Amino acid sequence: QVKLVESGGGSVQPGGSLRLSCQLTGMNYDAYVMGWFRQSSGGQRQAVAVVDGDGTPIYAPSAQGRFTVSKGGAKNTLYLQMDRLKPEDTAVYYCGSTFYRVRGTYALDPDHYKNWGQGTQVTVSS
């Protein structure tokens with residue numbers, strides 16, 4: 001059974017940094033696509049950054065220039081380095097995976113993702 005586990009959330013002041021980690025277990029081969037999404041209170045789940053089916057990092061406009069998504073050396077691990085955090089980045093962050101080889105901005109659509117972690121809270125506040 002596929003399982004994703006996120007870690008690394010927490011509270012930070014504006015301008016600070018956090019690094020999120022995601023580990024997918026339960027599969028013997030690589031997921032085609034893994035990505036980070038977030039959902040603020042009362043909002044819909046939205047893309048933050050993904051590594052698409054070609055291995056290319058794809059960013060939502062809100063994350064471009066501040067966040068860095070990367071795959072780890074171990075199979076099916078994903079990281080999100082978040083710098084210059086803003087209060088509007090406050091949300092529950094989810095790791096998602098799919099075995100569809102979505103590419104480019106199509107990979108930012110959460111509807112393509114079939115497996116999700118439980119989420120980790122990120123709070124940016126002074």
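Only a predicted model underlies this, so the values are computations on that prediction, with no experimental measurement involved.
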Open item on the list: Quick one, Gln81 with Ser17, criterion side chain to side chain contact (heavy atoms under 4.5 Å, CB included). Give me CA distance, side-chain angles, the key distance, then yes/no.
Closed with: CA-CA 7 Å; Gln81 177 66 40; Ser17 298; 3.9 Å; yes
Task: Any side-chain heavy-atom pair of Met82 and Tyr93 under 4.5 Å - done: yes
Task: CZ (Phe99) with more than 12 external heavy atoms under 6.0 Å - done: yes
Task: Inter-residue atom distance Tyr100.OH - Lys114.NZ, 0.5 Å rounding - done: 5.0 Å
Task: Pairwise side-chain contact, Ser97 with Leu4, heavy-atom cut-off 4.5 Å (strictly under) - done: yes
TODO: Give, for atom CD of Gln23 and atom CG of Asn76, the distance between the pair rounded to the nearest 0.5 Å.
DONE: 7.0 Å
Task: Leu108 side chain reached by Ile58 side chain, heavy atoms, under 4.5 Å - done: yes
Task: Residue pairs involving residues 36-81 (criterion ring-ring contact (aromatic ring centres under 6.0 Å, His included); sequence neighbours excluded) - done: Phe37-Tyr113, Phe37-Trp116
Task: Closest non-hydrogen atom pair between Gly53 and Arg101, with its separation - done: O-NH1, 3.2 Å
Open item on the list: Name the residue from Val48, Leu18, Thr68 that meets the side-chain contact (heavy atoms from CB on, under 4.5 Å) definition with Leu80.
Closed with: Val48
- [ ] Identify the heavy atoms of Met34 and Cys22 that sit nearest to each other, and give their distance.
- [x] CE-SG, 3.9 Å
- [ ] For residues 36-56, pull every pair meeting salt bridge (charged side-chain N to carboxylate O under 4.0 Å, His left out), keeping only residues two or more places apart or in separate chains.
- [x] Arg38-Asp89, Asp54-Arg103
Task: More than 12 heavy atoms from other groups under 6.0 Å of CD on Glu88 - done: yes
TODO: Determine whether Thr77 and Lys71 make a side-chain contact, defined as any pair of heavy atoms from C-beta on separated by less than 4.5 Å.
DONE: no
TODO: Identify the heavy atoms of Val69 and Val51 that sit nearest to each other, and give their distance.
DONE: CG2-CG2, 4.0 Å
- [ ] Decide yes or no for Thr90 and Leu85: does some side-chain heavy atom of the first lie under 4.5 Å from some side-chain heavy atom of the second?
- [x] no
TODO: Verify the cluster assignment for Val2 and Val102: are they in a single hydrophobic cluster under the rule of side-chain heavy atoms below 4.5 Å apart?
DONE: yes
Task: Pairwise distance CD(Gln46) to OG(Ser40) - rounded to 0.5 angstrom - done: 7.0 Å
- [ ] Look up atom CG in Asp83 and atom CZ in Arg66, then write down how far apart they are to the nearest 0.5 Å.
- [x] 9.0 Å
- [ ] Check whether any side-chain heavy atom of Glu6 sits under 4.5 Å from a side-chain heavy atom of Ser21, and report yes or no.
- [x] no
- [ ] Working to the nearest 0.5 Å, report the span between SG of Cys95 and CG of Leu24.
- [x] 7.0 Å
TODO: Would you give the length of the straight line joining atom CG of Leu78 to atom OG of Ser70, rounded to the nearest 0.5 angstrom?
DONE: 7.0 Å
